[in-house]
Protein chains: 2
Amino acid sequence: MLHGSAMASDFYSSEGDAILREAGLRVTRQRRAIVRVLFEAEDHPDAEQVLGRARDKDASVSQATAYRTLAALADKGHLHRHTFDGGVTRYELASRPHHDHMIDVETGEVMEFVSEEIERLQKKIAAEHGYDIVAHRLELYCKRRRR
Amino acid sequence: MLHGSAMASDFYSSEGDAILREAGLRVTRQRRAIVRVLFEAEDHPDAEQVLGRARDKDASVSQATAYRTLAALADKGHLHRHTFDGGVTRYELASRPHHDHMIDVETGEVMEFVSEEIERLQKKIAAEHGYDIVAHRLELYCKRRRR
DNA sequence: TCTCTAGATGCAAATAATTCGCAATGTCAA
DNA sequence: TTGACATTGCGAATTATTTGCATCTAGAGA
């Protein structure tokens, strides 16, 4: 298992390095930690959570660097920002397969889904107005159906 | 025309009073001004804009009251909050017919649209996961199609 | 119409999240 | 190896919004 973990870390580090380079950013210890956190995240962490987790990997990561790195990656399109219903900004790697979000308003749980049909309709609507879609945001706020 | 304007104002004031009462709020001079601004708005003003316009009607409206009133109306569901792509919070009366938003990323222009088909698909998706939709947010970020 | 009280107001200070200035440090192309 | 310039941490500054508090006022009831 130690072997597996080490390999996984190396793997993610290189993936992360690539993302940083693609974004035109220098690869630093701190940024490596931050990007690794993003690769490992299975949720949608906010800046504070990213900072905390990055510090677990490298205690030298400062708040300013976390915000600066997240902003730089988001600006270059490598990171998506989400602000579910007036909450704080949450982050998610853009390299993940595209999906939209469904939020359980009672538990705060965030689920993911895709609908080719909706994607197609969105494009159609935009086209009808003479537009091309650059990005979109679809969030469904739901309650578990009682039965 | 003076007649028309006066009638329109009266109309909006009573509509506004009703909304305030329904929200369980007392009808004050300041709140009347704020709610009238919301009724008259053809855009999606942020708190600062609402405050400015309300002050044109009644100079005594303070920032705190603007925020407090907007928050109270939003909490009671009479007002929708929007945060288009990381910008400030914008407001829109919930009594307006339902619609989603299309944002021209080059001009910032906000357009409205509805698609019964998308609405239906959303409900279907939620249902498939065992959920009922409480609210949703669909925003299309677009660029005018060059030809 | 008068009174009374919970709710509302303005002001200024307080928060929360994020950004910025700056001197010190680190990356990486040559 | 080196030098230019990007990046860092720190703390102060911003921005948007909220809150504490003393003072008013809407509006139910006498």
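For the numbers below, each heavy atom of this structure counts, side chains included, while hydrogens, waters and symmetry mates do not. Numbers restart at 1 for each chain; the letters A, B, ... are given by sequence-line order, proteins then strands.
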Review point. Rounding to a whole Å, what distance do you find between B:Arg32:CZ and D:dG27:C1'?
Key: 13 Å
Check your understanding: Can B:Arg29 and B:Asp17 be counted as an ion pair, charged N to O under 4.0 angstrom?
Key -> no
Please tabulate, for side-chain N and O atoms in residues 120-134 of chain B, each donor-acceptor pair with protein atoms closer than 3.5 Å (sequence neighbours left out).
unit_1   : atom_1 : unit_2   : atom_2 : d
B:Gln122 : OE1    : B:His136 : ND1    : 3.2
B:Tyr131 : OH     : A:Asp104 : OD2    : 3.2
B:Tyr131 : OH     : A:Arg144 : NH1    : 3.4
B:Asp132 : OD1    : A:Arg145 : NE     : 3.0
B:Asp132 : OD1    : A:Arg145 : NH2    : 2.7

Check your understanding: Which residues, if any, of residues 19-31 of chain A bring a heavy atom under 4.0 Å of DNA chain D?
Key -> A:Leu25, A:Arg26, A:Thr28, A:Gln30, A:Arg31
**Study point:** Test side-chain contact (heavy atoms from CB on, under 4.5 Å) applied to A:Tyr141 - qualifying residues, sequence neighbours left out
**Key:** A:Phe84, A:Asp85, A:Ile103, A:Val105, A:Glu139, B:Ala135, B:Arg137
Review point. Under a 4.0 Å N-O cut-off, is there an ion pair linking A:Arg36 with A:Asp58?
Key: no
Review point. Rounded to the nearest Å, what distance is computed from the CG atom of residue A:Asp17 to the P atom of nucleotide C:dT27?
Key: 12 Å
Point to revise | Stretch residues 62-78 of chain B: residues that reach within less than 4.0 Å of DNA chain C through a heavy atom | key: B:Ser62, B:Ala64, B:Thr65, B:Arg68
Review point. Between atom CG in A:Asp46 and atom P in C:dA17, what is the gap in whole Å?
Key: 8 Å
Study note, to complete from the structure: A:Val88 meets the side-chain contact (heavy atoms from CB on, under 4.5 Å) criterion, sequence neighbours left out, with A:Asp46, A:Arg90
Check your understanding: OP1 or OP2 of D:dA16 sitting under 4.0 Å from any side-chain N/O of B:Thr89?
Key -> no
Exercise for review: Verify whether one side chain among A:His44 and A:Glu112 offers a donor that lies under 3.5 Å from an acceptor in the other.
Suggested key: yes
Point to revise | B:His82 and B:His80: side chain donor to acceptor below 3.5 Å | key: no
**Study point:** A:Arg68: partners by side-chain contact (heavy atoms from CB on, under 4.5 Å), with sequence neighbours left out
**Key:** A:Ala64, A:Thr65
